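First the structure, in the form of structure tokens, and then the observations on it.
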Amino acid sequence: MNPFFKADDHPWEELGDGIKRKIVGYTDELMAVHLNFDKGAIGYVHAHEIHDQIGYVIRGSFEAEVDGKKQVLKAGDAYIARKHLMHGAVALEQDSILLDMFSPAREDFLK
């Protein structure tokens, strides 16, 4: 894997429902992923069995939910969802971007 990520060199992968992603980089133990949301797009509430996750807001804003608690997060804010904790987010602005970090890496994203 190239040790450098240049955003313009990587196209967005359409996931549907107003969300697209770019894998920034990964090792066996860590993965970073850009997620771009249309206004109102929903990252539905869910939990991970083996992955801890941090969602860092790069642009725009989100209503984030972790373990039943909700907060509005703007650029520079983040949420932390340890494995087994329910979490999700709704974009409040067009082209809101999260940098999601996972430990360990999400092998399902690489298939």
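Numbers here simply count residues along the sequence, with the first being 1. This structure is a prediction, so every number in the text was calculated from the model and none was measured.
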For D108, is there an ion pair with R106 - N to carboxylate O distance below 4.0 angstrom? yes
Heavy-atom donor-acceptor pair, [X] side chain to [Y] backbone, under 3.5 Å:
{"X": "K22", "Y": "A7", "result": "yes"}
{"X": "E63", "Y": "V72", "result": "no"}
{"X": "S96", "Y": "F37", "result": "no"}

Minimal non-hydrogen separation, [X] against [Y], with atom names:
{"X": "P104", "Y": "D28", "result": "CB-O, 3.5 Å"}
{"X": "V57", "Y": "G60", "result": "CG1-O, 3.7 Å"}
{"X": "T27", "Y": "A105", "result": "O-CB, 3.1 Å"}

Would you say [X] and [Y] are hydrophobically clustered, going by side-chain heavy atoms of ILVMFWY under 4.5 Å?
{"X": "V90", "Y": "I97", "result": "no"}
{"X": "L98", "Y": "I23", "result": "yes"}
{"X": "L30", "Y": "I58", "result": "no"}
{"X": "I54", "Y": "V66", "result": "no"}

Please walk me through it: do L99 and V33 pass side chain to side chain contact (heavy atoms under 4.5 Å, CB included)? CA-CA 6 Å; L99 176 64; V33 179; 5.9 Å; no
Taking the side chain as every heavy atom from C-beta outward, state whether [X] and [Y] have any atom pair closer than 4.5 Å.
{"X": "W12", "Y": "N36", "value": "yes"}
{"X": "L35", "Y": "I19", "value": "yes"}
{"X": "H48", "Y": "Q53", "value": "yes"}
{"X": "M86", "Y": "D67", "value": "no"}
{"X": "L110", "Y": "M31", "value": "yes"}
{"X": "Y79", "Y": "L73", "value": "yes"}

Given S61, which of K74, K39, E93 fulfils the side chain to side chain donor-acceptor pair (under 3.5 Å) condition?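 Looking at K74, K39, E93, the match for S61 under the side chain to side chain donor-acceptor pair (under 3.5 Å) is E93.
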Starting from the C-alpha separation in whole Å, work towards a yes-or-no answer on ring-ring contact (aromatic ring centres under 6.0 Å, His included) for H87 and H46. CA-CA 5 Å; H87 62 283; H46 64 285; 4.2 Å; yes
Test log, rule side chain to side chain contact (heavy atoms under 4.5 Å, CB included), inputs K70 and E65: CA-CA 4 Å; K70 293 183 180 182; E65 179 176 344; 3.1 Å; yes
Does the separation of the ring centres of F109 and F102 fall below 6.0 angstrom?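 Under 6.0 Å, so yes.
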For E29 and S103, does a side-chain donor sit closer than 3.5 Å to a side-chain acceptor?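 Per modelled atom types, E29 and S103 side chains form no pair under 3.5 Å.
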Evaluate the criterion ring-ring contact (aromatic ring centres under 6.0 Å, His included) for residue pair Y56 and H34; output intermediate values, then yes/no. CA-CA 10 Å; Y56 177 82; H34 280 159; over 10 Å; no
Is the count of non-hydrogen atoms from other residues, nucleotides or ligands lying under 6.0 Å from [X] atom [atom1] greater than 12?
{"X": "I80", "atom1": "CD1", "result": "no"}
{"X": "D38", "atom1": "CG", "result": "yes"}
{"X": "E14", "atom1": "CD", "result": "yes"}

Please lay out, stage by stage, how R59 and D95 fare under the test side chain to side chain contact (heavy atoms under 4.5 Å, CB included). CA-CA 8 Å; R59 180 170 64 205; D95 292 324; 3.9 Å; yes
